[in-house]
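What follows is a single structure, written as structure tokens, with notes after it.
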2 protein chains.
Amino acid sequence: MDLQQFFPYRLAVLADAVSRAIAGVYSERYDLSRDEWRVLAALVGGAMRTADVIGHTTLDKMQVSRAVARLEAAGLLERDADPDDRRARVLRLTAAGRALFRRIAPLAQAREAFLLDALDDAERHALDRAIDKLRERARLLERAG
Amino acid sequence: MDLQQFFPYRLAVLADAVSRAIAGVYSERYDLSRDEWRVLAALVGGAMRTADVIGHTTLDKMQVSRAVARLEAAGLLERDADPDDRRARVLRLTAAGRALFRRIAPLAQAREAFLLDALDDAERHALDRAIDKLRERARLLERAG
DNA sequence: TATTGTTATACTCTATAACTATA
DNA sequence: TATAGTTATAGAGTATAACAATA
């Protein structure tokens, strides 16, 4: 067995490199963590409850809670009580939060485009389908333990 | 910008799921960390120096040093002085280390096969090429910072 | 002086669970 | 009694650098 050819290894190495490449546009310059960036991206489309952010991000409730606390402290996000269920919180970006996202998103998208430019159309579509299919199978294996 | 459709996000989510699926075969059952598993896999082909393991795994010298210390304590690996350069160490799996790898590798490869079975030949080849091309571009972006 | 590998330290992340306030 | 979200805490992983031995 050759580690270099082992698909899960190659995928992990690639994903780490891509993550670092994207983090480059938000971590040092804007002092955001990956989780904070994800919460920002989830909320830029509009306000939602913590539980909905969890559903949109693969973050768990603690990760969201911490990311939200830091974003709130930085003035990028507000928490309001949900009138329908006062245990819940409605999360909403502030103008500053939206402005920050609008500065970062084009840089992140430019890097995404640069990455995908390496692929031809057939490769891009195959990759797209492969990601969905593989994720489904990985979920099955995870459940198996 | 939709996070669900953002390629780096989808890739990270997939790679996490695949990593957990593979870790399932070595972490709980055999109490190995991902780094220890990688060092084991790197050395199963034969003895090599710490520096060579670094080159074969994307681990850095500290990660290798710690993984090696734990594997040695578990009797899975030996460290010998390198006669050519007495600063260096030659790392070599013990019989127990090789036996452990031979128990785990088929399970890991079965999971890899199960994942890749979701793809047809064209998708598999496209994915293969895409991984190499994307990794190269990601490296360029990382250097840009 | 530079390099191999180890150790130290501080920092971040993660996982588990206890907790508050509602329902 | 269950759920939404927060806080606490311990463990694992990460990053930086100082260090000993050797080149």
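Labels below follow one simple rule: chain letters A, B, ... track the order of the sequence lines, proteins then strands, and each chain is numbered from 1. All heavy atoms count here, side chains included; hydrogens, waters and symmetry mates do not.
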According to the interplanar angle, ranging from 0 to 90°, do the rings of A:Trp37 and A:Tyr26 count as parallel (below 30°), tilted (30 to 60°) or perpendicular (above 60°)? parallel

B:Leu71 and B:Leu43, any side-chain heavy atoms less than 4.5 Å apart: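 Answer no - side chains too far apart.
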
Student check: side-chain heavy atoms of B:Asp117 and A:Arg137 closer than 4.5 Å: yes

Nucleotide [N], atom [atom2] - distance to [atom1] of [X] in whole Å:
{"X": "B:Asp84", "N": "D:dT22", "atom1": "CG", "atom2": "C1'", "result": "14 Å"}
{"X": "A:Glu72", "N": "D:dG5", "atom1": "CD", "atom2": "P", "result": "14 Å"}
{"X": "B:Arg70", "N": "D:dG13", "atom1": "CZ", "atom2": "C1'", "result": "13 Å"}
{"X": "A:Glu28", "N": "D:dA15", "atom1": "CD", "atom2": "P", "result": "12 Å"}

Which nucleotides of nucleotides 5-15 of chain C have their base under 4.0 Å from a protein heavy atom (B), which only their sugar-phosphate (S), and which neither (-), written as one string 5' to 3'? BBBBB----SB

Is the closest basic N to carboxylate O distance between A:Arg70 and A:Asp35 below 4.0 Å?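 Looking at A:Asp35 together with A:Arg70, the answer is no, because their closest N to O distance does not fall below 4.0 Å.
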
Would A:Lys133 and A:Glu136 pass as an ion pair if we require N to O under 4.0 Å?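 No, A:Lys133 and A:Glu136 are not salt-bridged.
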
How long is the span from the CZ atom in A:Arg38 to the CG atom in B:Leu3, to the nearest 0.5 Å?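 Here the interatomic distance stands at 6.5 Å.
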
